[in-house]
Number of protein chains: 2
Amino acid sequence: MTVSKTAEKSSEKSGEATKGRKDASEPQGPGSAEALQLGELSEQLGYVLKRAQLKVFENFLRCMASLQLTPAQFSVLLLVEKNPGRNQTEIASTLGILRPNFVALLDNLESRDLCARIRSTNDRRSHILMLTDKGKAVLARAKKLVATKHEARLNDLLGQANREALIAMLSKVASEF
Amino acid sequence: MTVSKTAEKSSEKSGEATKGRKDASEPQGPGSAEALQLGELSEQLGYVLKRAQLKVFENFLRCMASLQLTPAQFSVLLLVEKNPGRNQTEIASTLGILRPNFVALLDNLESRDLCARIRSTNDRRSHILMLTDKGKAVLARAKKLVATKHEARLNDLLGQANREALIAMLSKVASEF
DNA sequence: CGATATTTGATATGGTCCATAACAATTATC
DNA sequence: GATAATTGTTATGGACCATATCAAATATCG
């Protein structure tokens, strides 16, 4: 039984019916707002990808509310920790962030004393990036929060094996699509 | 965040060494300006989700270049075709689009004669949405392009079974995460 | 009935993210 | 040493998202 695929083409305007008729021949929910049919949409890769991404980011922000870290900020801290001594261009481009847009992001992290810009002695044009002690501490706490409150949720939802399979497939899509 | 589609420029920086890097042992690409270590980033759900989504959207736009349809526009056409006679609020909210932002989107589709707003006789506040003949034709061509040039690419990359598993997991994440 | 509240489409507006151009300082190249 | 390229930065515009607000139409309720 397909919910309410009533109207075909011009089902609405033909009748002279003034009003008052609402075609009540469907098992409806409570308020009866008649849910729409998603149809092929629910099979569209881009559609489901985008919605999943929004949900995940939303959850990430909630998990990190106490640390006030966005996904982008978290990724910068992770990358700088793993690659200390790199300059802004290197970190930004690895994350797919354009250099101009990376400035404000770094300004934020630096103003919170999580990350430091250090003039390179080799090339005085560039700024070497490093985590401050506070930055390292915050990142450690962030990792713990992400692992226990965020990524763990995926296990609860999909199971360990499926979680890994999902990440692997997404990585493949991200790099080879 | 993180991620944009700008290609890496891989500034040739022929190794030499202004300073000792501890790059341990990683298979590097050719030019290799010392690729950074992604580390835990490549395991982060949000990170890989976002990158995959950008790649997929980018590919979608390329596939639809001849029809000039964005993912959002395509989803509107699909939903209106499947649910003719619904009003703007119903279509927009189903897609997670806020009513104010839906107006310009519809203005565009209507100006291209793909979709029509029709004043409802039952409720003269609302606009009933329907596809025009041209809209139906364009959508049919769009579906074909998406199937052959876009979704098919997933099969080539993951295989039929994995493709379906990926979509299913993403749907689950989108609705239950 | 009529006063009030609600809904619908629309406008205006602000925020965030993304992309390009341009600039000063520094370095590389020839 | 003149010119080109790179680095961080600013300025700016576009796309997308969110809120407040409005007029018209409808619903609700005394």
Side-chain angles (χ1 to χ4, degrees), chain A residues 18-20 22 31-33 46 50-51 53-55 57-58 61 68 70-73 75-76 85-110 115-129, chain B residues 1-16 18 33 46 50-51 53-55 57-58 61 68 70-73 75-76 85-111 115-129:
Chain A
T18 51
K19 71 191 317 186
K22 211 47 170 74
S32 85
K50 176 81 180 203
R51 294 206 87 121
Q53 184 258 313
L54 289 175
K55 270 284 186 74
F57 269 43
E58 191 185 332
L61 289 174
Q68 284 287 89
T70 67
Q73 293 167 341
S75 68
V76 170
R86 298 297 192 134
N87 65 26
Q88 298 184 197
T89 296
E90 291 172 313
I91 298 292
S93 77
T94 299
L95 292 174
I97 301 174
L98 294 173
R99 274 67 79 206
N101 299 329
F102 192 54
V103 174
L105 210 175
L106 257 193
D107 286 347
N108 183 330
L109 294 179
E110 197 175 28
C115 186
R117 287 188 246 224
I118 306 173
R119 286 232 100 91
S120 167
T121 54
N122 299 330
D123 185 341
R124 301 213 324 263
R125 290 172 297 186
S126 61
H127 290 165
I128 290 313
L129 298 183
Chain B
M1 23 64 67
T2 68
V3 184
S4 72
K5 69 227 163 188
T6 49
E8 310 288 330
K9 229 164 57 142
S10 156
S11 57
E12 215 63 46
K13 202 180 205 176
S14 67
E16 183 274 325
T18 46
K50 178 78 180 197
R51 292 204 88 120
Q53 184 258 313
L54 288 176
K55 269 284 186 76
F57 269 43
E58 190 185 334
L61 288 174
Q68 285 286 89
T70 67
Q73 293 167 340
S75 69
V76 170
R86 299 299 192 129
N87 65 27
Q88 297 184 197
T89 295
E90 292 172 313
I91 297 292
S93 77
T94 299
L95 292 174
I97 303 174
L98 295 172
R99 273 70 78 209
N101 299 329
F102 193 54
V103 174
L105 210 174
L106 256 193
D107 285 347
N108 183 330
L109 294 179
E110 198 176 26
S111 72
C115 186
R117 288 187 246 226
I118 306 173
R119 287 230 101 91
S120 168
T121 54
N122 298 331
D123 185 341
R124 301 213 323 262
R125 292 171 297 187
S126 60
H127 289 166
I128 290 313
L129 298 184

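No experiment lies behind these values; they were computed from the predicted model shown. Within every chain, numbering begins at 1; the chains are lettered A, B, ... in the order of the sequence lines, protein sequences first and strands thereafter.
- Atom pair B/Asn108:CG and D/dC16:P shows a separation of 10 Å (rounding to whole Å applied).
- Contact annotation: B/Ser126 side-chain N/O to C/dT7 OP1/OP2 distance is not under 4.0 Å.
- Residues A/Ile91 and A/Leu106 are not in side-chain contact: their nearest non-hydrogen atoms beyond the backbone lie 4.5 Å or more apart.
- Rounded to an integer number of Å, the gap from A/Ile128 CD1 to D/dT7 C1' is 11 Å.
- DNA chain D is contacted by both A/Gln88 and B/Thr70; A/Gln88 maps to the nucleotide lying nearer its 5′ end (nearest heavy atom per residue).
- The distance from atom CZ of A/Arg119 to atom C1' of D/dT7 is 9 Å, rounded to the nearest whole Å.
- Rounding to whole angstrom units, CD1 of residue A/Ile97 and P of D/dT9 are separated by 14 Å.
- Side chain of B/Asn87, nearest nucleotide from C/dT8, C/dA19, C/dT11: C/dT8.
- In the set D/dA27, C/dT26, D/dG8, D/dA27 carries the atom at the smallest distance from any side-chain atom of B/Arg125.
- Here the CD-SG distance, from B/Gln73 to B/Cys115, works out to 11.0 Å after rounding to the nearest 0.5 Å.
- With distances taken from any side-chain atom of B/His127 to the nucleotides D/dG8, C/dG9, C/dT11, the minimum falls on C/dG9.
- Here C/dC17 presents its P atom at 14 Å from CG of B/Leu54, a figure rounded to the nearest Å.
- Atom CG of A/Leu105 and atom P of D/dG8 are 14 Å apart (whole Å).
- At least one donor-acceptor pair closer than 3.5 Å links the side chain of B/Glu110 to the backbone N or O of B/Arg117.
- Going from atom CG of A/Leu95 over to atom P of C/dC17 covers 14 Å, rounded to whole Å.
- Taking the side chain of A/Asn101 as heavy atoms from C-beta on, and the options C/dC18, D/dT10, D/dC17, the nearest nucleotide is C/dC18.
- B/Arg99 comes within contact range of no nucleotide atom at all, as no heavy-atom separation falls under 4.0 Å.
- If you measure from atom CG of B/Asp107 to atom C1' of C/dT11, you get 11 Å, rounded to the nearest angstrom.
- Here the side chains of A/Ser126 and A/Thr89 are not in contact, with every heavy-atom distance at 4.5 Å or above.
- Residue side chain A/Arg124 does not reach the base of C/dT26 through any donor-acceptor N/O pair under 3.5 Å, judged by distance alone.
- Here B/Thr89 does not reach the OP1 or OP2 of C/dT7: none of its side-chain N or O atoms lies under 4.0 Å away.
- Nucleic acid contact class of B/Asp123 (heavy atoms, under 4.0 Å, all strands): sugar-phosphate only.
- Of the inter-residue distances, the one linking A/Ile128 atom CD1 with A/Asp123 atom CG reads 8.5 Å to the nearest 0.5 angstrom.
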